[in-house]
Amino acid sequence: MCGLVCLWKINDLALAQRMTDRIQHRGGDALHVRRLDGLPAIMGHARLSIIGSERADQPIAHPGAAIVANGEILNHHA
């Protein structure tokens, strides 16, 4: 299972990085921390890659919105 971090209105990128590093065991395939433009948030994600695209890095950001998710679809073949 992936690991997720979100700091809301706490502008501390180093803290978010430390928190994400601490949950690396939840998914060590990729670790990303991003400060989000236009939002008072910093998000981190520890990705466990079971299947899927290598381009599935998170947080996923769009102007004015962002998400981190544990989005594995286990019955995707059905």
Side-chain angles (χ1 to χ4, degrees):
M1 178 174 292
C2 300
L4 316 172
V5 168
C6 182
L7 299 182
W8 185 259
K9 295 185 179 181
I10 301 172
N11 190 21
D12 191 339
L13 192 61
L15 173 61
Q17 184 65 59
R18 287 192 311 272
M19 291 172 70
T20 304
D21 289 345
R22 295 280 307 252
I23 62 169
Q24 181 175 2
H25 66 279
R26 298 297 303 258
D29 295 317
L31 294 173
H32 293 95
V33 176
R34 289 182 61 185
R35 178 172 296 157
L36 304 169
D37 294 334
L39 295 172
I42 299 172
M43 291 182 162
H45 184 253
R47 181 172 184 236
L48 175 61
S49 178
I50 298 170
I51 60 170
S53 173
E54 290 77 32
R55 301 174 310 181
D57 293 335
Q58 295 188 49
I60 300 167
H62 185 73
I67 188 170
V68 290
N70 183 23
E72 188 70 45
I73 300 172
L74 300 176
N75 62 349
H76 68 280
H77 291 293

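This chain uses plain numbering: 1 for the first residue, then up along the sequence.
- Cluster membership check: L7 shares its hydrophobic cluster with V33, using side-chain heavy-atom separations under 4.5 Å among Ile, Leu, Val, Met, Phe, Trp and Tyr.
- Remark: R35 engages N11 in a side-chain hydrogen bond (donor to acceptor under 3.5 Å, both in side chains) (not counting sequence neighbours).
- Minimum interatomic distance between T20 and G44 (heavy atoms only, all atoms of both residues): OG1-CA, 3.6 Å.
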Enumerate, atom names and distances included, each donor-acceptor pair closer than 3.5 Å involving a side-chain atom of residues 12-19, sequence neighbours excluded.
residue	atom	partner	partner atom	Å
D12	OD1	A14	N	3.3
D12	OD1	L15	N	2.9
Q17	NE2	D21	OD1	3.0

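- The minimum heavy-atom distance between I23 and A46, with the atom names listed, is O-CB, 3.7 Å.
- With rounding to the nearest 0.5 Å, the separation of CE in M43 from CD1 in I60 is 10.5 Å.
- Taking each heavy atom of G64 and L39 in turn, the nearest pair found is O-CD2, 3.6 Å.
- Heavy-atom contacts from other residues, nucleotides or ligands closer than 6.0 Å to NE2 of H62 number 12 or fewer.
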Exercise for the section: Take I42 and I10 through the side chain to side chain contact (heavy atoms under 4.5 Å, CB included) test and state the conclusion after the steps. Expected result: CA-CA 8 Å; I42 299 172; I10 301 172; over 6 Å; no
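- Between H45 and L4 the shortest side-chain heavy-atom distance falls below 4.5 Å.
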